[in-house]
Protein chains: 2
Amino acid sequence: MAIKTSLRPGGRSARVQDSVHQATRALLAELGRDAISLPLIASRAGVTPSTLYRRWGDLSSLLADVSLARMHPDADPVDTGSLRGDLLTWSEQYFDEINSVPGRAMLRDAVASDCTNRCLTILLGQLQTILERAASRGEATPSAEHLVDRVIAPGVFRILFGEGAPGEHEVNAWMDQALG
Amino acid sequence: MAIKTSLRPGGRSARVQDSVHQATRALLAELGRDAISLPLIASRAGVTPSTLYRRWGDLSSLLADVSLARMHPDADPVDTGSLRGDLLTWSEQYFDEINSVPGRAMLRDAVASDCTNRCLTILLGQLQTILERAASRGEATPSAEHLVDRVIAPGVFRILFGEGAPGEHEVNAWMDQALG
DNA sequence: ACGTTAACACAAAGAATTTGCGTTAGTGGT
DNA sequence: ACCACTAACGCAAATTCTTTGTGTTAACGT
């Protein structure tokens, strides 16, 4: 179910959201993904379950929302001095993250709910900052969409459907083809 | 949850499975994905809900199992006379199918449960028959995994995270690069 | 044919989800 | 600053889903 982008972002709604997000992260760390329920989060956050059901719809949507919110303020991708280096270190880190147990759980929740578009937006944003940095260095840059098609998509597909994250060698080959 | 590959595939288990699969397909067609529940399927199939919970675990796993079972006996990919033609017509059909509303629902259920490996197996099987046919014609053939990385993964990624299925022109370009 | 046990039925207990209605507190207008 | 409006929440009852314990059936091996 889609997250309701609150039409009234004022005091109380924001407080509830903060409280719920915080409770979710705490329980996620304490008990793990499979041991938490929506009423449990509600009681920890000091709100009634019906509030969460009306606002988020179900557990998957709430967890995806919380995970994606945690993703935003991550530091900018490291600057290695070259586009190729930036992309390689960033993608390695990215694949490692979503290949971890909580990472895969987040992916599943994101797919189950309907915030895959937010995932893509965040992803494209990260790539964009890398690409703009490269452009400011005078390097020739492909489009972010091209990188997604040639590198990110194969990696994510393997993590979701295949035998875990792609090897470093393979990512290198994909990257060469994408940049060359 | 993973599907329990019944250690006792004899009469009764098989009958129950048939009944459940049939009931699921019927309800899926009558009411749609979002209106069916596990107890509902159980009552239609003439079994108790606890049987379904013990055997399939949850609704996503059951639906994914039913969908994947429907996928197997599909006719072999059409023979267009060339590897490139075979792959293009097959992939177009494949993308159309998983981009449909029930197709996307199936994908979500497959990701939510743990039968993504079965998805990949079926996929590789289809590609393999196309590749073997091409090999028997004397054509040079890439590996099935390479095709997955270069063509299938980008398409599936777009359907899951992006703006729907890739255009025919784009698939053509991907295919050219994968084959050439 | 017989013993073994996986798979199922039944039912009760427990948890999650939905829903109706009253209340609180942002929001916009005066 | 005050007031009217209503989105968002609290509460609680009703419903539905899920789990679990126990007994029974029937498939499988010998």
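Just so it is clear: chains get the letters A, B, ... in the order the sequence lines come, proteins before strands, and each one is counted from 1. Below, each value reflects all heavy atoms present in this structure, side chains not excepted, and no hydrogens, waters or symmetry copies.
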J.: From CD of Gln17(A) over to P of dA7(D), roughly how many Å is that when rounded to an integer?
T.: 19 Å
J.: Rounded to the nearest angstrom, tell me the gap between atom CG in Leu62(A) and atom C1' in dT17(C).
T.: 15 Å
J.: Would you please test Thr80(B) and Asp86(B) for side-chain hydrogen bond (donor to acceptor under 3.5 Å, both in side chains) and show each step?
T.: CA-CA 5 Å; Thr80(B) 66; Asp86(B) 284 6; 2.7 Å; yes
J.: Select from Val16(B) and Leu40(A) the residue whose nearest nucleotide in DNA chain C is closer to the 5' end of that strand.
T.: Val16(B)
J.: What I want to find out is whether Arg133(A) reaches Asp76(A) closely enough, with some N-O distance under 4.0 Å, to be called a salt bridge.
T.: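 Salt bridge between Arg133(A) and Asp76(A), a charged N being under 4.0 Å from a carboxylate O: no.
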J.: Please give, in whole Å, the distance from dT18(C) P to Asp34(B) CG?
T.: 12 Å
J.: With a 4.5 Å limit on heavy-atom distance, are the side chains of Leu87(A) and Leu127(A) in contact?
T.: yes
J.: So which atom in Trp174(B) and which in Gly155(B) form the shortest heavy-atom distance, rounded to 0.1 Å?
T.: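 Scanning both residues, the minimum pair turns out to be CZ3-N, 3.7 Å.
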J.: Check Leu120(B) against Phe161(A) and note the closest heavy-atom contact, atom names and distance.
T.: CD2-O, 3.5 Å
J.: What is the distance, to the nearest angstrom, from the CZ atom on Arg55(B) to the P atom on dT20(D)?
T.: 20 Å
J.: Leu52(A) CG to dC11(D) P: how many Å, rounded?
T.: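 Atom CG in Leu52(A) sits about 13 Å away from atom P in dC11(D).
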J.: Of the nucleotides dT17(C), dA9(C), dC9(D), which one has an atom closest to the side chain of Ser13(A)?
T.: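 Closest nucleotide among those given: dC9(D).
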J.: In whole angstrom, what separates Arg15(B)'s CZ from dA26(D)'s C1'?
T.: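 Interatomic distance, CZ of Arg15(B) to C1' of dA26(D): 9 Å.
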J.: Does the protein touch nucleotides 19-24 of chain C at the base, only the backbone, or not at all? Give it as B, S and - per nucleotide, heavy atoms under 4.0 Å.
T.: BBB--B
J.: In residues 19-33 of chain B, which residues come under 4.0 Å of DNA chain D by heavy atom?
T.: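 Heavy-atom contacts with DNA chain D come from no residue of residues 19-33 of chain B; none.
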J.: Please check: side-chain N/O of Ser61(A) versus main-chain N/O of Ser113(A), any donor-acceptor pairing under 3.5 Å?
T.: no
J.: Distance check: side-chain N/O of Thr48(B) vs OP1/OP2 of dC10(C), anything under 4.0 Å?
T.: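 Answer no for this pair, as no side-chain N or O of Thr48(B) is under 4.0 Å from OP1 or OP2.
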J.: Between Arg137(A) and Asp79(A), does any NZ, NE, NH1 or NH2 come within less than 4.0 Å of an OD or OE carboxylate oxygen?
T.: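 Here Asp79(A) pairs with Arg137(A) in a salt bridge, since their nearest N and O are under 4.0 Å apart.
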J.: Is there a donor-acceptor pair closer than 3.5 Å between any side-chain N or O of Arg44(A) and the backbone N or O of Ser19(A)?
T.: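 No.
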J.: Determine, for Glu170(B) against Arg158(B), whether the closest basic-nitrogen to carboxylate-oxygen distance falls under 4.0 angstrom.
T.: yes
